[in-house]
Amino acid sequence: MEELKKLREEIDRIDEEILRLLNERARIAREIGEIKKKKNMEIHVPERERAIFEKVLKLNKEKFGEEFPPEALVHIYREIISACLSLEKPLKIAYLGPKATFTHQAALEFFGFSAQYVPCATIRDVFVEVESERADYGVVPVENTIEGVVNYTLDMFLESDLKISGEVVIPINLHLLSNVENLSEVKRVYSHKVALGQCRGWLEKNMPNAQLLETESTAKACEIVLEEEGSAAIASEVASYTYHLNILASNIQENMDNFTRFLIVSKREMKPTGKDKTSLIFAVRDEPGALYRALEAFYLKGVNLTKIESRPSRKRAWDYVFFVDLEGHREDEKVKEVLRELKSRTQMVKILGSYPKALLSE
Ligand SMILES: C=C(O[C@@H]1C=C(C(=O)O)C=C[C@H]1O)C(=O)O
């Protein structure tokens, strides 16, 4: 027992040192905040935050052998930085709500708990909150590994001038939540259409007679279920305790390897970090070879595409635009050359933004 006592005393000493350093860091962050305010500089410096994440992850691996898990280190530094930034000026973040949606979870992962969060009823409302400058950033879902892209989000980029400033990917585990105790009591199931789609197989097998109804978000489905007897929602575990609902069935999605990617939108252009992506939209003439010639521009310059989606242009019937994600920042020489070449081979090119790849995604 003496050995245990000595080791716990060592942990107590380390915890006190951590506390001393955290308070020292907070004091310095406030001081930096005052300098930035005097010089009328941006308080939030995403590229500096990203550099800190990369540095601590590198140090943790190369100097300390990842004795401390890197995923946990990201969460800890996210909260340290979120708290220090809030001492200078709290960020306002609009997200597809209500509270406890997967988008809310993604926003917390990206900005930490010390930011101020504004739940929005629709994806369009998120864009409006940021465009009106009532929020500094917005968080919206853009694609899921089972159901594919969220068309609403892609279409918003056709009309909005907001930039993509970041991305975050979170695992999606879907549960059947209700205020009833038994599956047999459930007559209606509510959820976002992407979530309903991801659970199609389980629903057909276990609840073939239930009525399926689409809602704006998984958490919105929980709000409805709270008021409606004999109904259930497909949502996250966080939603089950946020809305005090029973979990009637866990992990009902088709595939356990289920992730959703979320985009961070703002009015700000992100600076290069060396681990960036660029998203853009382009349109081609409706003629043979037009799409081939456009895509050839990427091939000729050796720039890798990580996604391509076609969407109606919403200008003319059967007229399509193409959403593309590529490796690199718009200020990289190779990407600059591709953009020049692409503009000479297309009718329109709209750059949606260059931004750091999701942390730990490589
Ligand atoms: C402390 C600063 O302000 C903010 C907080 C940071 C931090 O906690 O490390 C880093 C960048 C800024 O978003 C800074 O600009 O260096």
Side-chain angles (χ1 to χ4, degrees), residues 14-64 66 68-95 104-118 126 129-130 133-139 162-169 262-277 329 331 353-361:
I14 291 167
D15 286 349
E16 189 168 335
E17 179 63 2
I18 290 172
L19 267 181
R20 184 186 69 77
L21 291 170
L22 283 175
N23 283 278
E24 178 68 359
R25 194 183 197 280
R27 184 189 63 75
I28 295 171
R30 280 184 201 273
E31 199 173 327
I32 291 173
E34 289 312 311
I35 293 170
K36 290 186 284 188
K37 286 170 192 167
K38 283 195 189 95
K39 295 186 174 188
N40 199 28
M41 294 167 71
E42 287 282 2
I43 299 297
H44 184 219
V45 188
E47 60 275 11
R48 163 66 179 162
E49 294 186 6
R50 181 62 183 231
I52 291 169
F53 278 112
E54 297 292 350
K55 182 174 61 108
V56 297
L57 285 167
K58 187 169 185 287
L59 265 177
N60 190 48
K61 183 171 186 172
E62 294 176 2
K63 190 169 180 180
F64 302 108
E66 290 187 335
F68 196 87
E71 295 75 12
L73 195 65
V74 167
H75 287 296
I76 288 170
Y77 263 86
R78 168 38 61 215
E79 294 311 324
I80 289 174
I81 292 173
S82 179
C84 287
L85 178 58
S86 71
L87 296 173
E88 301 172 58
K89 175 180 173 274
L91 282 180
K92 287 191 178 67
I93 313 299
Y95 69 93
H104 188 192
Q105 190 179 327
L108 289 166
E109 288 245 344
F110 195 87
F111 291 103
F113 276 81
S114 298
Q116 295 174 357
Y117 289 93
V118 180
V126 174
E129 281 303 292
V130 182
E133 299 187 1
R134 287 190 295 269
D136 301 293
Y137 293 92
V139 185
L162 290 185
K163 296 294 179 196
I164 301 175
S165 308
E167 65 172 5
V168 57
V169 177
F262 300 82
L263 295 179
I264 314 304
V265 293
S266 77
K267 291 191 170 183
R268 296 182 62 174
E269 300 269 2
M270 295 296 112
K271 293 179 179 166
T273 65
K275 292 184 177 180
D276 302 302
K277 293 168 89 165
H329 192 283
E331 290 177 19
S354 291
Y355 49 94
K357 292 178 185 174
L359 275 169
L360 300 178
S361 62

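None of these values were measured; they are calculated from a predicted model. Residue numbers start at 1 and run along the sequence shown. All ligand and atom numbering here is 1-based and tracks the order in the structure.
Between atom 6 (C) of ligand 1 and the options Ile81, Ile35, Ile43, Ile32, the minimum heavy-atom separation is to Ile81. Scanning Lys36, Glu88, Lys89, Met41 for the heavy atom closest to atom 14 (C) of ligand 1 points to Lys36. When the heavy atoms of Glu31, Glu49, Arg30, Arg25 are ranked by distance to atom 9 (O) of ligand 1, first place goes to Arg25.
Tyr95 and His104 have parallel rings, their planes meeting at less than 30° on a 0 to 90° scale where 60° marks the start of perpendicular.
Under 4.0 angstrom from ligand 1, the non-hydrogen atoms of Ile52 all belong to its side chain.
In terms of heavy-atom proximity, Lys267 sits nearest to Glu133 at NZ-OE2, 3.0 Å.
Between Cys84 and ligand 1, a contact under 3.5 Å exists for no N or O pair. The N/O atoms of His44, backbone and side chain alike, include none that comes under 3.5 Å of an N/O atom in ligand 1.
The environment of NZ in Lys271 is sparse: at most 12 heavy-atom neighbours from other residues, nucleotides or ligands sit within 6.0 Å.
Using a 4.0 Å cut-off between charged side-chain N and carboxylate O, Glu31 and Arg27 make a salt bridge.
Between Ile93 and Phe110, every side-chain heavy-atom pair lies at or beyond the 4.5 Å cut-off.
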